[in-house]
There are 4 protein chains.
Amino acid sequence: MPKRAAVDKREAILAAALDLFSARAFDATPMPLIAERAGVGAGTIYRHFVSKEALGNAVFRDSKLALQRGLLERRRGGETPRQEFAAMWQGLWEFFQESPAAFRFLETHSHATYLDAASRATSDAVFVSITDFVRRGQAAGAIRLAPPAVLIALAFGAFIGLVKESDAGRFSLTAAVVTQAEALAWDMLRAR
Amino acid sequence: MPKRAAVDKREAILAAALDLFSARAFDATPMPLIAERAGVGAGTIYRHFVSKEALGNAVFRDSKLALQRGLLERRRGGETPRQEFAAMWQGLWEFFQESPAAFRFLETHSHATYLDAASRATSDAVFVSITDFVRRGQAAGAIRLAPPAVLIALAFGAFIGLVKESDAGRFSLTAAVVTQAEALAWDMLRAR
Amino acid sequence: MPKRAAVDKREAILAAALDLFSARAFDATPMPLIAERAGVGAGTIYRHFVSKEALGNAVFRDSKLALQRGLLERRRGGETPRQEFAAMWQGLWEFFQESPAAFRFLETHSHATYLDAASRATSDAVFVSITDFVRRGQAAGAIRLAPPAVLIALAFGAFIGLVKESDAGRFSLTAAVVTQAEALAWDMLRAR
Amino acid sequence: MPKRAAVDKREAILAAALDLFSARAFDATPMPLIAERAGVGAGTIYRHFVSKEALGNAVFRDSKLALQRGLLERRRGGETPRQEFAAMWQGLWEFFQESPAAFRFLETHSHATYLDAASRATSDAVFVSITDFVRRGQAAGAIRLAPPAVLIALAFGAFIGLVKESDAGRFSLTAAVVTQAEALAWDMLRAR
DNA sequence: CATGAATGAGAATTCATTCAT
DNA sequence: AATGAATGAATTCTCATTCAT
């Protein structure tokens, strides 16, 4: 088992990298800056990650898993598809509030050339878990009969659009806005 | 008026830069590579753009204006909001088909740190012209009464989600998919 | 055809690298030091050689070919094996006098891990040209009947030993010493 | 007197360093790799050697002394110069067989910039002990009247040439080859 | 004594930009 | 105007050495 201090440094490095990668581009972020932000020596990063790319992938996977947790943790079981969708939308919103850097990082780096197979597999796993929800909703007659991937792309894209445009200063992303948006997004998905 | 040859080189540089910036990150794209792709000398780029950042901004503005043209050019006048929305959605789709590089570039670089005031102003102008459409639709009772910026964020985000997930290989972005998606997106916006 | 200036810089870099690599180890020689010695910018080296290893190989091949020229150029044709050996020994001596750095570099780096196939091929070609001499001498009954490679190893090794020990300060390598040594070396090779 | 364990670690470090230094260059051999190979912590090396250079010098001196032992231990006393030379040549061969790494290390690092006065003194001592043999041989009329240092350089160089060229794959260094070579080398030295 | 995590100076290499041609 | 060779600052990464445990 790794020492406490080592784990702390690793966490500090990941946190600093996430902060920086979400604010500037990956390629525009020098390793020494990450080290400084994390409060460690530049060489220390390489004791935990074999390369900058490996660090980028670790940040990506951590963020993706955090998103998955946020997305799924509010579901209770035994909910209607309508309720489940609301829970996921709220979960996304809470994830964004808890770690906006992670949310923005995922959105900006989803097609980054440095992502490796493991990172892509993590992305896929998250996607599959949502696909499952859509299929159940369709089977129950609550969600429209369109390819699940397309429905997810539209709904997820809508949420991301919300964050991006609020970042651009077009409006302020309040709980009220998010809740209203959820109702609209559900109108896009629900069977009629 | 600039000479024909000079204009051609400028265009070649912009096209090469767009190609490259949409495939790799801005900071991961060397100027000499852009020059080579454009068929000009590295120094020549600096006769047309004062810096790499200036080139990035020019590419951004050109792409944004092309998107605006695509978005608006199919509208005829005298259409219902429903028809106008369909026209804009189709316009977006045509813009994507004509220059997927420009579409992807805009999506990935919308928050780039190198964007200057003029670029942001161009973005805003595009946004405003869509806002206008939403307001008219709301006045006509065809579009829901929510902040226009939020509705645009949701609908535009949904379209971008479509492109991103199809890029990720989750499905193939055919005309049929796009048309079906348009109906769903309209269901998100329309008043009821 | 490359420009004159470019060729000059390339030569300057090769000369500086040879100087430095023969005085210190390859791995102990920083590229900026080579650049400084050559009077060029550090980046310039990379316009002529793709890597430090490539530079090392170029220096090696150049030196090896210079050694080959020195070794063979004093031969006239129609000489006895005895005369030919003397010519080669003198050629080696002249090569050493003209470019002691090249001589020492070859000796110290003959097994360097960075040497590539082309460099090894150059080494082999030189070896073969000497092997040919030995075979002819053996056919003429002038040189002992031992494996040519072994004879070459002994004679060449003897010459290198001379240089190394004189470098170590055990004696001064004068023309007289070299000539006397040649007679002894021949006594090692000649048939009896 | 140092503890047994400490001596063992010191020996392990020296052995690991010798192995590594003979296969790769001194400057291309990381201390942590030596530590790992020796089965000790990286810091432990510094309890036995003040620096990497000091370690390199210790390896050099150990190897040089081992060579000296190999060179001289087969001499019995009361031999003819001819027999003594054969004994030394065989000793060299046995030393090479017992520790080829030490042999190669000495050969490659004889001019290393990090060698200190003590290392050079050790080299000199070995040289002197051979010089003594040459002088006696000359006094007895068995060895040519040339500067002993020159004769040693030639003979020793010849042996090294044998090893280098066999390493280069030109032939296989068998006992038969070594014995034949000894006869030739003696022909180079013997008075006539 | 021994360890090995941590460090930061220094290594190789890249690339935006300049300027002589 | 156009070029592309040249530059050197900045980047990623390595490793000798230290020191808290």
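Below, chains carry the letters A, B, ... as their sequence lines are ordered, and counting in each starts from 1. Atom set for the values below is all heavy atoms of this structure, side chains included, hydrogens, waters and symmetry mates excluded.
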If I take atom CD in residue D:E36 and atom P in nucleotide E:dA5, what distance separates them, rounded to the nearest angstrom?
12 Å

Only one of C:R37, C:E36, C:M31 clears side-chain contact (heavy atoms from CB on, under 4.5 Å) with C:I34; which?
C:M31

Rounding to an integer number of Å, can you tell me how far D:D27 CG sits from E:dG10 P?
15 Å

Once you apply the 3.5 Å cut-off to both distances, tell me the Watson-Crick or G-U wobble partner of F:dA6, or none.
E:dT17

NZ/NE/NH1/NH2 to OD/OE distance under 4.0 Å, B:R24 and A:D27:
no

Just the rounded figure in Å: distance from P of F:dA5 to CG of C:D8.
15 Å

Nearest whole Å is fine: how far is E:dA12 P from C:M31 CE?
7 Å

Using the closest heavy atom to pick a nucleotide of DNA chain E for each, name whichever of A:V40 or C:F26 lands nearer the 5' end.
A:V40

Should the pair D:H109 and D:F26 be assigned to parallel (<30°), tilted (30 to 60°) or perpendicular (>60°) ring geometry?
perpendicular

Rounded to whole Å, how long is the line connecting atom CD1 of D:I34 with atom P of F:dC15?
11 Å

Between the base of F:dA2 and the side chain of B:R47, is there a donor and acceptor pair under 3.5 angstrom?
yes

Write down the distance between NZ (A:K9) and C1' (E:dA5), rounded to a whole number of angstrom.
8 Å

Ignoring backbone atoms, establish whether C:H48 has a side-chain N or O less than 4.0 Å from OP1 or OP2 of F:dA6.
yes

D:T108 vs D:F21, test: side-chain contact (heavy atoms from CB on, under 4.5 Å). Steps then yes/no.
CA-CA 9 Å; D:T108 346; D:F21 290 158; over 6 Å; no

Considering only F:dA2, F:dT7, E:dA16, which nucleotide approaches the side chain of B:Y46 most closely?
E:dA16

If you pin B:I45 and D:A28 to their nearest nucleotides in DNA chain F, which one's is more 5'?
B:I45

Counting any heavy atom closer than 4.0 Å, what does C:P32 reach on the DNA or RNA strands: base, sugar-phosphate only, or nothing?
sugar-phosphate

note: A:I13, atom CD1; E:dA5, atom C1'; distance rounded to Å ~ 11 Å

Is there a side-chain contact (heavy atoms from CB on, under 4.5 Å) between D:D62 and D:L18? Walk through the geometry before answering.
CA-CA 10 Å; D:D62 275 14; D:L18 173 59; over 6 Å; no

Using heavy-atom distances to pick each residue's nearest nucleotide on DNA chain E, tell me which of C:E53 and D:A42 is more 5'.
D:A42

Distance check needed: F:dT12 C1' versus A:L33 CG, whole Å only.
14 Å

I want to verify a distance call: between E:dT13, F:dA2, E:dA6, whose nearest atom is closest to the A:T44 side chain?
E:dA6

Given F:dT17, E:dA12, E:dA16, which nucleotide is nearest the side-chain atoms of C:K52?
E:dA12

